[in-house]
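Given the structure is predicted, the values throughout are model-derived calculations rather than measurements.
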Amino acid sequence: MTEKHYFLVSVGTVSGGGSYLTSTEVAYHCGVHPELIDRFIQLGLIDFIERDRDGTALFGSDVVPLVRRILRLRNELGVNYSGIGVILDLMARVETLEDRIRELESRVFD
């Protein structure tokens, strides 16, 4: 059996000054192969911030919990990738609506 090795690349900064992670780093933090991260990009499930000079996709640290959520939906619930996209979209809408409700409640009760 061949042993897989993942190498961490140091976190750098994007042109806007924020920190970023490479596909390899995201994969490492999520316990998956970097090719799966590339597949998620192709499927439109995750987006990268920009690409470096070598064409490597660069991500914000907020992508790690998103990838973990995708993996849970796929592995634990058996949702296919198309379904995952719909679920993620609906979850984002719910979060937006909940934020709006909290904002309106604070206006009414303050």
Who clusters with Val94? Use side-chain heavy atoms, under 4.5 angstrom, across I, L, V, M, F, W and Y, and order the result by chain and number.
none

Hydrophobic cluster partners of Val86 (side-chain heavy atoms under 4.5 Å):
Leu90

So, using ring-ring contact (aromatic ring centres under 6.0 Å, His included) as the criterion, who are the partners of Phe40 when residues are at least two apart?
Tyr81

Can you tell me how far apart [atom1] ([X]) and [atom2] ([Y]) are? Round to the nearest 0.5 Å.
X: Leu58; Y: Arg51; atom1: CG; atom2: CZ; result: 8.5 Å
X: Leu45; Y: Ser82; atom1: CG; atom2: OG; result: 8.5 Å
X: Leu73; Y: Ile84; atom1: CG; atom2: CD1; result: 5.5 Å

According to the ring-ring contact (aromatic ring centres under 6.0 Å, His included) rule, which pairs have a member within residues 91-110, sequence neighbours left out?
none

Provide the full list of ring-ring contact (aromatic ring centres under 6.0 Å, His included) pairs with a residue in residues 53-80, sequence neighbours left out, each pair given once.
none

Restricting to non-hydrogen atoms, name the atom on [X] and the atom on [Y] that form the minimum distance, rounded to 0.1 Å.
X: Asp38; Y: Ser23; result: OD1-OG, 3.6 Å
X: Ala57; Y: Ile41; result: CB-CD1, 4.1 Å
X: Ile37; Y: Val67; result: CD1-CG1, 3.9 Å

Run the side chain to side chain contact (heavy atoms under 4.5 Å, CB included) test on Val26 and Ile46 for me, step by step, so that the C-alpha distance in whole Å, both residues' side-chain angles and the decisive distance to 0.1 Å come before the verdict.
CA-CA 11 Å; Val26 172; Ile46 62 174; 5.7 Å; no

Salt bridge (Lys or Arg N to Asp or Glu O under 4.0 Å) against Asp62, all qualifying residues, sequence neighbours excluded
none

Name all residues meeting the side-chain contact (heavy atoms from CB on, under 4.5 Å) criterion together with Arg93; count only those two or more places apart in sequence or in a different chain, and write none if there are none.
Asp89

Sequence neighbours left out, what pairs pass salt bridge (Lys or Arg N to Asp or Glu O under 4.0 Å) with at least one residue falling in residues 63-83?
Arg69-Glu95

Does CD in Glu98 sit with more than 12 non-hydrogen atoms of other residues, nucleotides or ligands closer than 6.0 Å?
yes

Run the side chain to side chain donor-acceptor pair (under 3.5 Å) test against [X] and tell me which residues pass, sequence neighbours left out.
X: Asp54; value: none
X: Arg53; value: none
X: Asn80; value: none
X: Glu103; value: Arg100, Arg107

Establish whether Leu77 and Leu66 are linked, either directly or via other cluster members, by ILVMFWY side-chain heavy-atom contacts under 4.5 Å.
yes

Report yes if some heavy atom in the side chain of Val108 is under 4.5 Å from a heavy atom in the side chain of Glu105; otherwise report no.
no

